[in-house]
Enquirer: 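One structure follows; several queries about it will come next.
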Amino acid sequence: GQIVTGRWVFPIVIARMARGVTATEAYQELLQLPGAMRSPKYTEASGIRITPLRHTLVGDMRRIILLLAAGAFIVLLVASINIASLVLTRVSARQREFAIRRALGASNRDIARQILAETVLLSALAFVATIPIAMWTLDAIRAWVPIRMYGADNIAFDGRAVAASGVFSLLTAMLFSAAPLWSSRG
């Protein structure tokens, strides 16, 4: 391919470097290319650059993606703490019910299982409800990603990521229901 800017034409060469080859060695090998590459306008030191393919195709999107991932993690952490707080509040409001259930023969283990089941069910329902929101968000991201960005047209909903998110959501629910479980033993 070529990049044409005004009256200058710049060839684009894409190559994979062998293991152990440094950028300097690759540059020296590029200088040895025959034909048009020997033309003075191509062999000037400023005319040949070696850059990683990912950087050439995607640019500085890595920082943006890492920032989005960090933001998503913080949102998940805040949501998990809020859920734990809500469950703890609900458990403390139900202490009278738990006392009656204990008096009728329910063990602490039975009560703990009930709290855990309620929390996991709530988490699973919330996870299922967020899937359409994730799809709409994905459509918005596709609309905002620059067309020139490599792979922008391949941004898609990944089933493995959804499954991993579901497992993570259930594990988070179990983890954050532990505090109310310990407080219900009282």
Enquirer: Just by modelled atom types, is the A173 backbone N or O under 3.5 Å from a matching donor or acceptor in the S123 side chain?
Expert: no
Enquirer: Just wondering, do V120 and M174 contact through their side chains at under 4.5 Å, heavy atoms?
Expert: yes
Enquirer: Would you call F98 and V91 a side-chain contact if the rule is heavy atoms closer than 4.5 Å?
Expert: yes
Enquirer: Please confirm whether the backbone N or O of I133 pairs with a side-chain atom of T130, one donor and one acceptor, at under 3.5 Å?
Expert: no
Enquirer: Quick check: is L170 connected to L116 through a chain of hydrophobic side chains (ILVMFWY, heavy atoms under 4.5 Å apart)?
Expert: yes
Enquirer: How about L171 and V167: do any of their side-chain heavy atoms sit closer than 4.5 Å?
Expert: yes
Enquirer: For E25 and G20, work out which heavy atoms get closest and say how close.
Expert: OE1-O, 3.9 Å
Enquirer: Taking distance alone, no hydrogens or angles, what donor-acceptor pairs closer than 3.5 Å link side-chain atoms of residues 155-162 to residues at least two apart or in another chain?
Expert:
unit_1, atom_1, unit_2, atom_2, d
D158, OD1, R160, N, 3.2
D158, OD1, R160, NE, 3.4
D158, OD2, R160, NH2, 3.3

Enquirer: Got a second to check how far E97's CD is from I111's CD1, nearest 0.5 Å?
Expert: 8.0 Å
Enquirer: Looking only at side-chain N and O atoms, does D110 offer a donor or acceptor that is under 3.5 Å from a partner on S107?
Expert: yes
Enquirer: Are L77 and L175 grouped together when hydrophobic residues (ILVMFWY) are joined by side-chain heavy atoms under 4.5 angstrom apart?
Expert: yes
Enquirer: Would you mind checking if R94 and E118 are paired as a salt bridge, meaning a charged N to carboxylate O distance below 4.0 Å?
Expert: yes
Enquirer: Nearest 0.5 Å, what's the CD1-CZ distance between I100 and R96?
Expert: 5.0 Å
Enquirer: Using the side chain to side chain contact (heavy atoms under 4.5 Å, CB included) rule, pick out the option among L121, V128, L122 that qualifies with L125.
Expert: L121
Enquirer: Does the side chain of R90 reach to within under 4.5 Å of the side chain of I115, using non-hydrogen atoms?
Expert: no
Enquirer: Out of curiosity, does L138 fall in the hydrophobic cluster containing F127 (side-chain heavy atoms, cut-off under 4.5 Å, transitive links)?
Expert: yes
